[in-house]
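Below is one structure, written out as structure tokens; comments come after it.
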Amino acid sequence: MLTLTFPDGAARQFPDGVSGLEIAKGISPSLAKRTVAMALDGVLADLADPILRDARIEFVSREDPRALILIRHDAAHVLAEAVQSLWPGTQVTIGPVIENGFYYDFARNQPFTPDDFPAIEKRMREIIARDAPFTKEIWSRDKTQSFFRDKGEMYKVELIDAIPAGEDVKIYRQGEWLDLCRGPHMTSTGKVGQAFRLLKVAGAYWRGDSNNPMLTRIYGTAFATQEDLDAYLKQLEEAERRDHRRLGREMNLFHFQEEGPGVVFWHAKGWTLFRELTSYMRRRLAADYDEVNAPQILDKALWETSGHWDWYRENMFVTQTEDERVFAIKPMNCPGHVQIFKHGLKSYRDLPLRMAEFGSVSRYEPSGALHGLMRVRAFTQDDAHVFCTEEQLADECLKINELILSTYADFGFDRIVVKLSTRPDKRVGSDEMWDHAEEVMGRVLEQIEAQSQGRIRTAINPGEGAFYGPKFEYVLRDAIGRDWQCGTTQVDFNLPERFGAFYIDASGQKRTPVMVHRAICGSMERFIGILTEHFAGHFPLWLAPLQIVVATITQDGDEYARAVAKAAARAGLRAELDLRNEKITYKVREHSLAKVPVLLVVGKKEAAEGTVSIRRLGSTEQRSMALSEAIALLRDEAEPPDLKRARGEAAEDEGGGLDSSHVEIDGHHVVAGTAG
RNA sequence: GCCGGCUUAGCUCAGCUGGUAGAGCACCUGAUUUGUAAUCAGGGGGUCGGGGGUUCGAAUCCCUCAGCCGGCACCA
């Protein structure tokens, strides 16, 4: 006998080997009917599995959030059956559940196209309607092996090869069709339901290795309800609407063209945004960092010393001069910074020495990797290198952590995950060095989590470290729930040694400093892409490339409009005039589409009264107020967050204190997507 | 780099099985002087991504190169 504990706390005895299904039936036929799987001590299992030990048991319905992965996994099996029945001879490989759905990889000479989707979906619906039960069979490895070999399923054979000899494997059957699978599954194909959709086809390497043949992958998604599916499809549309490439064109921020694949042509508005962001970062660094600028082109020898030549030669832009010297256009700032460190004898008193650069780097990225601003071949890193002693290392990492987190908070990113990436297979440096570095960073990671009061989550990324050392990766989540890795802190015990960098310690001995590489935005270009999508182009006033348009009703208002624009400019606001002979509705529409945050409409009435009519982007409301009042409010709102904070602190020091209630006028900036 | 798709006016897109290009918006000109998301009329604009081939004839079919899009692989 064994004891099972139910969700209500009741414990009951059952014979060994009783199945979940038997228990559910015993409780009520309706429970058995609506249950698709069970969870034993929180772990999902087939409902028909015999239970062999004491456990906490839960019956999982289709609507249970935990059933979602089962629905998707079952849908993948249904997809595979549908494809094989439509195109016999297609080999099946693997079909896992992924974050927002599932995929299945097929081997077929002729790849699928989205045109095949209607036929496949139709067949899937038939299989689901047939509602065959998922039944599990345990086969011997050898039997499975020969079964799939006879069917010509060579990829499955390879999968089985990886299973230790003598071990049994699980087969899931759904009517005629069956697949090698770990499970678990729901009780029958009918439980998949109708809320699924095939989304796209793509090539994918077998086992994720580019040396292997390429398979055809079909992506799909499935949800418990049609409403959930519709909501997801709507979110995809929303992401498309926010696409920075589209907004970049519509808002006249930047462009790309054929002659420069992967390099940005920044237009005036986009460059304003870029400069505003860079200015903000410079202010954040001013107190602790020295900003430097290392050369763009350096002799190959330097890259050989750093190790980049061995690792990344094929990804570097290289140029040879008339005298046959070979130079690389810098893909990284660190070797340059080490040269600056080495110039002149350094004392332990100089440490920690924090060297920052908004370094323009160039990398010959694979053509298929290029993607708008998100992946380019020439970009600007908000890079820095901290040269410090072993003893200072942990504190420096924590200090950087604070800088990174507070920066993200200024852009409204508050859901952050910090991941520690550990030693990769291909690396430099001794195991002792890696042991030590990972130990220090593991401690720091714990501290980061502890001092965040639960706001920051942490994780480990095994094997994902840089070739010279472990790293922290900062992943932020945007307004529509997508994750972006931006910041990074990398501990490096290698480079300083390779370059022979040293400082003189307190006892007069030469010592090699530890070097910490760190970036916050990462790539300024990419960060602007992320911000564009995060804000859906509705940048907060301080970042908006064009903050104000002063628009007239008729020509009678021209003179006053000029005075308004001048007042705005005097207040440091970026304003333009729209004096065109057009209806105000036309101007409103145009500037709204261009996502101008503030529209100041001036007509006869405003000119007479010395007021402006304010219309904020995203709102149809208008508010009239005195020009001076409007300018003061806008100037306050347009003050970058760090300066506002500094002003608050200064006021506090003087004992006065600043009214912490944020000044707002109607239609104040909100992150689209989070607003009601 | 790999697989698939795409490339027609500044933008978004039509153009059937080959018979030498079209719309809306934008732009220019004129009229209109307008009160919060498109005023009306007229006009200009494309060697259909580049190169090559098939054909009497190519935006359309084939080859090739480039770029872009979706993935995969890569991302110091």
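In what follows, chains carry the letters A, B, and so on, assigned in the order in which the sequence lines appear, proteins first and then strands, with residues in each chain numbered from 1.
The residue among A/F112 and A/D556 whose nearest nucleotide of RNA chain B lies closer to the 5′ end is A/F112. Mapping A/E365 and A/Y219 onto RNA chain B by nearest heavy atom places A/Y219 at the nucleotide closer to the 5' end.
At a non-hydrogen distance threshold of 4.0 Å, A/Y468, A/K471 from residues 459-471 of chain A come into contact with RNA chain B.
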Verdict with supporting geometry, A/W87 and A/Q110, side-chain hydrogen bond (donor to acceptor under 3.5 Å, both in side chains): CA-CA 10 Å; A/W87 294 282; A/Q110 165 124 31; over 6 Å; no
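A centroid separation of less than 6.0 Å is found between the aromatic rings of A/F493 and A/H436.
Comparing the same atom, C1', in B/G45 and in B/A21 gives a spacing of 13 Å after rounding to whole Å. Of the P atoms belonging to B/G30 and B/U7, the separation is 38 Å, rounded to the nearest Å.
Closest contact between the side chain of A/P366 and the listed nucleotides B/G70, B/A73, B/A76 involves B/A73. Taking only side-chain atoms of A/M316, from C-beta outward, the nucleotide of B/C3, B/C74, B/A76 with the closest atom is B/A76.
Within the 4.0 angstrom heavy-atom criterion, only backbone atoms of the sugar-phosphate kind lie near A/R249; the bases stay farther away. Contacts of A/P261 with the nucleic acid, taken as non-hydrogen atoms under 4.0 Å apart, involve only primed sugar atoms and P, OP1 or OP2. Using a 4.0 Å heavy-atom distance criterion, A/G208 is classed as a sugar-phosphate-only contact. Using a 4.0 Å heavy-atom distance criterion, A/P111 is classed as a sugar-phosphate-only contact. Contacts of A/A204 with the nucleic acid, taken as non-hydrogen atoms under 4.0 Å apart, involve only primed sugar atoms and P, OP1 or OP2. A/H371 comes within 4.0 angstrom of sugar-phosphate atoms only, judged by non-hydrogen atoms across all strands, and of no base. Nucleic acid contact class of A/R313 (heavy atoms, under 4.0 Å, all strands): none. Residue A/S210 is classed as a sugar-phosphate contact, given heavy-atom separations below 4.0 Å to backbone atoms only.
A straight line from OH of A/Y364 to P of B/A73 spans 20 Å, rounded to a whole angstrom. Protein atom CE of A/M214 is 16 Å distant from nucleotide atom P of B/G70, rounded to whole Å. Rounded to whole angstrom, the span from the CG atom of A/L236 across to the P atom of B/G71 amounts to 10 Å. Taking atom CZ of A/R217 as the reference point, atom P of B/G71 lies 11 Å away to the nearest angstrom. Between A/L370 atom CG and B/A66 atom P there is a gap of 13 Å when expressed in whole angstrom units. Spacing between atom CG of A/N211 and atom C1' of B/C72 amounts to 13 Å, rounded to whole angstrom units. In this entry the distance linking CD of A/E99 with P of B/G71 reads 13 Å, nearest Å.
For the pair A/E473 and A/K471, the salt-bridge criterion is met [side-chain N within less than 4.0 Å of a carboxylate O]. Salt-bridge formation is not detected for the pair A/R207/A/D209: no Lys NZ or Arg NE/NH1/NH2 atom is positioned less than 4.0 Å from an Asp or Glu carboxylate oxygen. Salt bridge annotation for A/K419-A/E464: absent, with no cationic side-chain nitrogen under 4.0 angstrom from a carboxylate oxygen. Between A/E238 and A/R242 a salt bridge is recorded (basic side-chain N to carboxylate O distance below 4.0 Å).
In this structure, A/R108 does not reach the B/C3 phosphate: none of its side-chain N or O atoms is under 4.0 Å from OP1 or OP2. For the pair A/R363 and B/C74, the criterion of a side-chain N or O lying under 4.0 Å from OP1 or OP2 is not met. Between A/K200 and B/G71 there is a side-chain polar atom (N or O) within less than 4.0 angstrom of OP1 or OP2.
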Contact pattern, 5' to 3', of nucleotides 35-49 of chain B - B, S or - by protein heavy atom under 4.0 Å: BBBBB----------
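No side-chain donor-acceptor contact under 3.5 Å links A/N211 and A/Y205. When only modelled atom types and interatomic distance are considered, A/H517 and A/D492 share a side-chain donor-acceptor pair under 3.5 Å.
Of all heavy-atom pairs between A/A561 and A/T552, the closest is CB-CG2, 3.5 Å.
Atom OG1 in A/T489 sits 11.0 Å away from atom CG in A/L445 (nearest 0.5 Å). To the nearest 0.5 Å, the span separating CE on A/M515 from CD on A/E396 amounts to 13.5 Å.
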